[in-house]
Protein chains: 2
Amino acid sequence: MVPIQERRERERAERHRLIVDAARELAEAEGWDAVTTRRLAERVEYSQPVLYSHFKNKDAIVRAVALQAIGDLAERMRAARTAHRSPAKALRALADAYLDFAATRPALYDAMFVREVDLSFGTAESPPELRAAFGELVAVVEPFAGDDDVETLTEVLWSALHGQATLNQGRRLRPDHHRARVEVLLSRFC
Amino acid sequence: MVPIQERRERERAERHRLIVDAARELAEAEGWDAVTTRRLAERVEYSQPVLYSHFKNKDAIVRAVALQAIGDLAERMRAARTAHRSPAKALRALADAYLDFAATRPALYDAMFVREVDLSFGTAESPPELRAAFGELVAVVEPFAGDDDVETLTEVLWSALHGQATLNQGRRLRPDHHRARVEVLLSRFC
DNA sequence: TCGGATGTCTAGCACTGCTAGCATCGAGTG
DNA sequence: CACTCGATGCTAGCAGTGCTAGACATCCGA
């Protein structure tokens, strides 16, 4: 391999990272509506067409941000889960970590699970970040499955958390009862 | 009141209804992306500015569609609930009605609970359709509250249903396990 | 029949995502 | 060293978006 080509590929990868980071920062600071191709290009100090030499379209950029964020969430869930021996405490810690992530980084949560970015869920070729995140949920749910199918129960828990996360974000649930909702969910779930 | 003015108000109200209906039909047929002010104006056979003499902006039109749909959902939930004497059967019927509505009319469900249309939830001056819908949930949950706060438990159930509805719509749950998820949720909930 | 208010439309603004086509620059060859 | 030629990034522009100013017509009451 010619070293010049290697250098170019390095620079290309670096710029790729730059674009994704800029999109994430802009979205977190001002919401996804503020993430236009023009503002993004200005931010990375290149012209608009450069974005399209890295990504097929704007959705692909959002998708890249979402995937990175899902990886981050998976790590946090793992940390929460492994910090406790008791299955019940692990479950509570993971639920808190999940809802805390959604509440403190709403733009990222939107990109991950609300906007239509079809990240090819479920299928065999799901991205590893997705599989890792779902795996954390499965691991924490498993002790409580009983006669129920573990994956089904996991989907039910995930849905319950996702519902609270999104309805919280839309201010459709009483904010001062957040703790109570989590406790009720867990008490019925275990 | 001058009869001419009355006639004009009647015609205005009729056109208002026409716009909302056209927006709903277009959204259900081709998704909200297809609902542009131009296409909407063309559909009701008026020019764009006419829309703005009825609604402050496009969001207000979406909001009107959402409110109508919430009223419809409330009716369906009421019918499902009152069709059964047993609290458990009433709960299952209501859950099925809710998820069926979300699955068969995804565009409407989006407008109601996913898009940011801030319909002023929770507050005292919530629209009656919203209060009616939430009231149906409260009524069906009440027999299962036990020591838990009824409203809190209702919010938890709603979140669980909402989570399944949205994740189903995004094809993020296994489609052929839908029934099993509902049963698991209800069995843990009661 | 006329004046004025009411209603509607045409035309346009500032913005969006995206792309065609043109410079410019640098690497490899004679 | 000179030169070609391909890669790279830019300018400019297209078609579409939500929304609005201002011209125009139409109809009512006097």
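Everything quoted here is computed from the prediction, not taken from an experiment. So you know, we letter chains A, B, ... as the sequences are listed, proteins then strands, and number each from 1. Both backbone and side-chain heavy atoms feed into the values below; hydrogens, waters and symmetry mates do not.
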task = Could you check whether R39(A) gets within reach of a base, just the sugar-phosphate, or nothing at all, counting any heavy atom under 4.0 Å?
result =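 Nothing, no heavy atom under 4.0 Å.
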task = Check every strand shown and say whether R12(A) touches a base, only sugar-phosphate, or nothing at a heavy-atom separation below 4.0 Å.
result =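 Result for R12(A) = nothing.
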Tell me: [atom1] of [X] to [atom2] of [N], nearest whole Å?
X: E42(B); N: dT10(C); atom1: CD; atom2: C1'; result: 16 Å
X: E11(A); N: dA7(D); atom1: CD; atom2: P; result: 17 Å
X: L51(B); N: dC9(C); atom1: CG; atom2: P; result: 10 Å
X: R15(A); N: dT8(D); atom1: CZ; atom2: C1'; result: 8 Å
X: D33(A); N: dA14(C); atom1: CG; atom2: P; result: 21 Å
X: E45(A); N: dG9(D); atom1: CD; atom2: C1'; result: 15 Å
X: W32(A); N: dT16(C); atom1: CH2; atom2: C1'; result: 16 Å

Polar atoms only, N or O, under 3.5 Å: list the protein pairs with nucleotides 18-22 of chain D and their distances.
from: dG18(D); atom 1: OP1; to: K58(B); atom 2: NZ; distance (Å): 2.8
from: dG18(D); atom 1: OP2; to: T37(B); atom 2: N; distance (Å): 2.8
from: dG18(D); atom 1: OP2; to: T37(B); atom 2: OG1; distance (Å): 3.0
from: dG18(D); atom 1: N7; to: R38(B); atom 2: NH2; distance (Å): 3.0
from: dG18(D); atom 1: O6; to: R38(B); atom 2: NH2; distance (Å): 3.1
from: dC19(D); atom 1: OP2; to: Y52(B); atom 2: OH; distance (Å): 2.8
from: dC19(D); atom 1: OP2; to: K58(B); atom 2: N; distance (Å): 2.8
from: dC19(D); atom 1: O5'; to: Y52(B); atom 2: OH; distance (Å): 3.2
from: dC19(D); atom 1: N4; to: Q48(B); atom 2: OE1; distance (Å): 3.1
from: dC19(D); atom 1: N4; to: Q48(B); atom 2: NE2; distance (Å): 3.1

message = Is any side-chain heavy atom of Y109(B) closer than 4.5 Å to one of H162(B)?
response =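 Counting from C-beta outward, H162(B) and Y109(B) do come under 4.5 Å.
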ask   = Honestly, is R76(A) close enough over F101(A), meaning NZ or CZ under 6.0 Å from the six-membered ring centre and within 45° of the axis?
value =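 Not satisfied by the 6.0 Å and 45° rule.
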query = With distance as the sole test, does E155(B) use its side chain to make a donor-acceptor pair with the main-chain N or O of R174(A) at under 3.5 Å?
reply =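 Such a contact is found between E155(B) side chain and R174(A) backbone.
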query = Taking the side chain from D100(B) and the backbone from D96(B), do they hold a donor-acceptor pair closer than 3.5 Å?
reply =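 No, the answer is negative, given that no donor and acceptor are paired below the 3.5 Å cut-off.
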task = Kindly indicate, with the supporting measurements, whether the criterion side-chain contact (heavy atoms from CB on, under 4.5 Å) is fulfilled by E42(B) and S47(B).
result = CA-CA 7 Å; E42(B) 186 186 22; S47(B) 67; over 6 Å; no
query = Is a salt bridge present between R181(B) and D149(A), judged by a nitrogen-to-oxygen distance below 4.0 Å?
reply =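 Result for this pair is no, no salt bridge flagged.
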